[in-house]
Amino acid sequence: LMSKIYINDTHFVFSDRNRDTRMTLSGGTLSVTTVGERLAIDINGSFNRIPMEFTGSLGNARFLVDNQATGVQIDGHAGDVKLAVTGTAGPVAPAFDLDLTVAMHTDSIKAFSALAAQDLPDMGPLAMTAELKGREGRYSVEDMQAVLRDDSLSVEINGALKDALAIEGL
């Protein structure tokens, strides 16, 4: 089993010709290192010129080889958006299983302006959580909750996606 993977100075571009949009992941590093039984993960760089940095681990360095579930813990930020992912992933065959909790927080939705390709208003804070589930090739988003609080607007959204791959069941 490899003990370290290190990728430096990456540059990925996705262009959507139909919508004339472009997403770029560039610079920075990806480091995956075996630390005892764990796989430590460090990612930094930029997405559409937004600096990002994530650190975390997978609980079992051999989960791919042994085709077992493993614990997942990833924390970090993309610009002013904080993100945390915890739960389990795997086994990987016959289909990649997931049971993850994703939590996101930002002081203002303006932090999403680069993703939206337009200036968004300075409103917030915004907090969002969701359960990502995957079993036997079927993926869903459950118990999704988003709360936006601002002086001029207060919004709470609860929902789920029954089939995240087909984007059905809204």
Side-chain angles (χ1 to χ4, degrees), residues 4-33 35 38-59 70-89 96 98-134 139-162 164-165 167 169-170:
K4 185 172 187 175
I5 297 171
Y6 186 78
I7 300 171
N8 193 25
D9 293 328
T10 59
H11 190 77
F12 297 99
V13 177
F14 170 78
S15 293
D16 185 339
R17 293 180 188 154
N18 296 330
R19 294 181 24 205
D20 196 30
T21 58
R22 183 180 184 140
M23 291 185 279
T24 304
L25 178 64
S26 61
T29 59
L30 166 65
S31 172
V32 180
T33 310
V35 179
R38 297 180 315 111
L39 275 181
I41 301 167
D42 291 300
I43 302 168
N44 68 56
S46 66
F47 179 75
N48 286 359
R49 294 190 284 282
I50 301 168
M52 64 177 196
E53 184 174 356
F54 296 97
T55 60
S57 66
L58 300 177
T70 187
V72 175
Q73 168 84 43
I74 298 174
D75 295 291
H77 68 88
D80 294 329
V81 178
K82 295 176 184 81
L83 186 71
V85 178
T86 57
T88 59
F96 193 74
L98 294 173
D99 187 0
L100 301 173
T101 299
V102 178
M104 183 274 308
H105 179 271
T106 185
D107 291 334
S108 172
I109 63 172
K110 190 166 189 66
F112 294 102
S113 292
L115 281 176
Q118 63 182 343
D119 284 332
L120 296 176
D122 188 7
M123 298 176 77
L126 171 67
M128 196 166 133
T129 59
E131 304 288 326
L132 303 180
K133 307 282 186 176
Y139 299 94
S140 63
V141 179
E142 301 174 8
D143 196 24
M144 183 171 48
Q145 301 175 5
V147 178
L148 173 66
R149 297 279 187 244
D150 190 71
D151 293 338
S152 62
L153 179 68
S154 180
V155 178
E156 291 186 30
I157 299 171
N158 296 303
L161 285 172
K162 182 179 177 181
L165 294 179
I167 308 183
L170 280 173

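Side chains included, hydrogens not; waters and symmetry mates left out as well; all remaining heavy atoms used.
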Inset, instruction - Mind listing the closest non-hydrogen atom pair of L148 and G124 along with its distance? - result: CD1-CA, 3.7 Å

Legend entry - Side-chain heavy-atom pair I41, L58 within 4.5 angstrom cut-off: yes

Inset, instruction - Would you indicate whether D42, at its atom CG, is surrounded by more than 12 heavy atoms from other residues, nucleotides or ligands within a distance under 6.0 Å? - result: yes

Legend entry - T70 side chain vs G59 backbone, donor-acceptor pair below 3.5 Å: yes

Inset, instruction - Return the set of residues passing salt bridge (charged side-chain N to carboxylate O under 4.0 Å, His left out) with D99 (not counting sequence neighbours), or none when no residue passes. - result: K133

Inset, instruction - Evaluate the side-chain contact (heavy atoms from CB on, under 4.5 Å) criterion for residues M52 and V81: first the C-alpha distance (whole Å), next the side-chain angles of each, then the deciding distance (0.1 Å), finally the verdict. - result: CA-CA 9 Å; M52 64 177 196; V81 178; over 6 Å; no

Legend entry - Shortest non-hydrogen contact from A89 toward L98: CB-CD2, 4.1 Å

Inset, instruction - State the CD1-CG distance between I5 and L39, to the nearest 0.5 angstrom. - result: 8.0 Å

Legend entry - Euclidean distance, S140 OG relative to K162 NZ, rounded to 0.5 Å: 10.5 Å

Inset, instruction - Enter the distance from M104:CE to L126:CG here, rounded to the nearest 0.5 Å. - result: 4.0 Å

Inset, instruction - Mind listing the closest non-hydrogen atom pair of Y6 and S31 along with its distance? - result: CD1-CB, 3.9 Å

Legend entry - Whether N8 side chain and T29 backbone form a donor-acceptor pair below 3.5 Å: no

Legend entry - Pairwise distance CD(Q145) to OG1(T129) - rounded to 0.5 angstrom: 4.5 Å

Legend entry - Interatomic spacing from CD1 in I50 to CZ in F112 - rounded to 0.5 Å: 9.0 Å

Legend entry - L132/Y139 under side-chain contact (heavy atoms from CB on, under 4.5 Å): CA gap, chis, key distance, verdict: CA-CA 7 Å; L132 303 180; Y139 299 94; over 6 Å; no

Inset, instruction - Hey, could you give me the OG1/NZ distance between T33 and K4, rounded to the nearest 0.5 Å? - result: 5.0 Å

Inset, instruction - Name all pairs fulfilling the side-chain hydrogen bond (donor to acceptor under 3.5 Å, both in side chains) condition that reach into residues 103-117, sequence neighbours left out, sorted by first residue then second. - result: S108-D122

Legend entry - Pairwise salt bridge (charged side-chain N to carboxylate O under 4.0 Å, His left out) hits with a residue in residues 148-159, at least two apart: R149-E156

Inset, instruction - Provide the closest heavy-atom pair for G79 versus H77 in the form atom of the first, atom of the second, distance. - result: O-ND1, 3.2 Å

